[in-house]
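Report on one structure; see the data block that follows.
In what follows, chains carry the letters A, B, and so on, assigned in the order in which the sequence lines appear, proteins first and then strands, with residues in each chain numbered from 1.
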2 protein chains.
Amino acid sequence: MARPREFDETAVLDAATDLFWNRGFEASSIRDLAARMGLTTASIYNAYGDKRALYKRVLERYASAALGSCASGLACGASGMEAIESFFLSLANATAAEPERKGCLIVNAGLESAPHDAQFKQIVADVFRQLETLFHDCAARGQIDGSVTRSQSAEDIARLLLGTMLGLRVLARTRPEPALLAGIARATTALLRP
Amino acid sequence: MARPREFDETAVLDAATDLFWNRGFEASSIRDLAARMGLTTASIYNAYGDKRALYKRVLERYASAALGSCASGLACGASGMEAIESFFLSLANATAAEPERKGCLIVNAGLESAPHDAQFKQIVADVFRQLETLFHDCAARGQIDGSVTRSQSAEDIARLLLGTMLGLRVLARTRPEPALLAGIARATTALLRP
DNA sequence: TGTGTTTTCGAACGCTCGTTCTATAATGGC
DNA sequence: GCCATTATAGAACGAGCGTTCGAAAACACA
């Protein structure tokens, strides 16, 4: 009943994600976004509303992909400990091998989003909460199968793992040195053994 | 030999720090800064150069104060373990009690500063390196006095403590819940005991 | 084949940005 | 008391920002 869109939504959102990920919200201009997405600014406004709405869309898309990937990673492994260990080791390795030092879009957004109202912080906090739950289930599984220490509650272990992961994500952007990242992963997993 | 400055440098830099801390570099305009600092924009340019130079000045001033505070905190305590424990507990408590959710200026700067050249990232990385050294010395002290486990090297423990602290700082801005912060501090210290 | 709807395009809107200019005010050394 | 020097004040600069507009283009359905 009307003229159809000419662009591929996946490619366009990937391009927007890339720019926001590298530069953050404030430093990404609509014109830069349009150039990378292969659209005019008017098309962006027609399709997504305004800059904040596009950012929200990008954030939520990234968050759901990232959470899915973490969930499947933490569900693998013969034991809870193995899942945690391979999760952190592969996170450290992937971080060290990433040349752009982009870190994690959610963490970047969480630290930038002081002024832009509470909506973005809410998204970030929700992702962190779900991550904490994933870690909790994995730690509890490890305590049941005997691979994870019972000296701390599964709740506290989950909190610690969340904090450690966020620390890794900070270092991914600021000091992505293999020895540093691997050391964190190594010490974390080693200290969690019974 | 010339007209003297009318403003108090400490108060003026404190005000600039506060705005950068809350909003980040990009979202802090020179006019906002001038208003908070009680100066005209021309005075800022006369005294500090340009916006980047002012930011660098603020960053370095904050970094040296923060590092000094961490160093003196980690030097206290009857044992290495006590120093680490009180350091993380008071960090968690202070974070939970801070209503503005500003987090840490250095961490915020490190995650925002992708575009602004390598100079800011260098400052951030240096602070993290010095923090790692402080943690290392404290962990080594604890291993000597028997309060800290020898199951991991002091190097890896220092890396882990750096990562955990950065994670706490991320959560300070995004999810400053007392139970979460205290749980991280509690688990970290508990797992480091011999 | 026309009609209605939506997308695209490029130019334009008003605003704020970082920065600079001009003029004036305030000092210390002669 | 004058002069060189520096700080202040406020207006102004060009550039870029987020956003919108009017017209042209492309489809679905009658």
Between dC9(C), dA7(D), dA9(D), spot the one nearest the side chain of Thr40(B), thanks. dA9(D)
So do Val107(B) and Phe128(B) actually touch side chain to side chain, heavy atoms under 4.5 Å? yes
Between C1' on dA7(D) and CE on Met37(B), what's the gap in Å once rounded to a whole number? 15 Å
To the nearest Å, how far apart are Ile44(A) CD1 and dT7(C) P? 14 Å
Can you measure Phe7(A) atom CZ to dC27(D) atom C1' for me and round it to whole angstrom units? 16 Å
Whole-Å distance, Leu54(B) CG to dC17(C) P, equals 15 Å
Expected string for nucleotides 21-26 of chain C under the B/S/- scheme (protein heavy atoms, under 4.0 Å, primed atoms plus P, OP1, OP2 as sugar-phosphate) is B---BB
Reported CD-to-CD distance for the pair Glu112(A) and Glu26(A), which is rounded to 0.5 angstrom: 6.0 Å
Where along nucleotides 13-19 of chain D does protein come under 4.0 Å, by heavy atom, of base (B) or sugar-phosphate alone (S), with - for untouched nucleotides? ----BBB
For Tyr48(A) and dT8(C), what is the distance between atoms OH and P respectively, to the nearest whole Å? 10 Å
Sequence neighbours left out, what pairs pass salt bridge (charged side-chain N to carboxylate O under 4.0 Å, His left out) with at least one residue falling in residues 67-94 of chain B? Glu85(B)-Arg193(B)
Within a strict 4.5 Å, meaning less than it, do heavy atoms of the Phe88(A) and Leu192(A) side chains meet? no
Could you tabulate the donor-acceptor pairs under 3.5 Å formed by side-chain atoms of residues 61-78 of chain B, not counting sequence neighbours?
residue  : atom : partner   : partner atom : Å
Arg61(B) : NH2  : Asp14(B)  : OD1          : 2.2
Tyr62(B) : OH   : Leu105(B) : N            : 3.3
Ser72(B) : OG   : Ser69(B)  : O            : 3.2

Between dT20(C) atom P and Asn46(B) atom CG, what is the distance in whole Å? 12 Å
Within the structure provided, determine whether Tyr45(B) and Ile30(B) are in side-chain contact (heavy-atom separation under 4.5 Å). yes
Set of ring-ring contact (aromatic ring centres under 6.0 Å, His included) partners for Phe87(B), sequence neighbours left out: Phe135(B)
Ser43(B) vs dT8(D): side-chain N/O to OP1/OP2 distance below 4.0 Å: yes
Side-chain polar contacts of residues 157-172 of chain A - donor-acceptor pairs under 3.5 angstrom, sequence neighbours left out - could you list them?
residue   : atom : partner   : partner atom : Å
Arg159(A) : NH1  : Asp156(A) : OD1          : 2.7
Thr164(A) : OG1  : Leu160(A) : O            : 2.8

In whole Å, what is the span from the CZ atom of Arg5(A) to the C1' atom of dA25(D)? 16 Å
What is the minimum heavy-atom distance between Ala109(B) and Tyr55(B), and which atoms define it? CB-OH, 3.2 Å
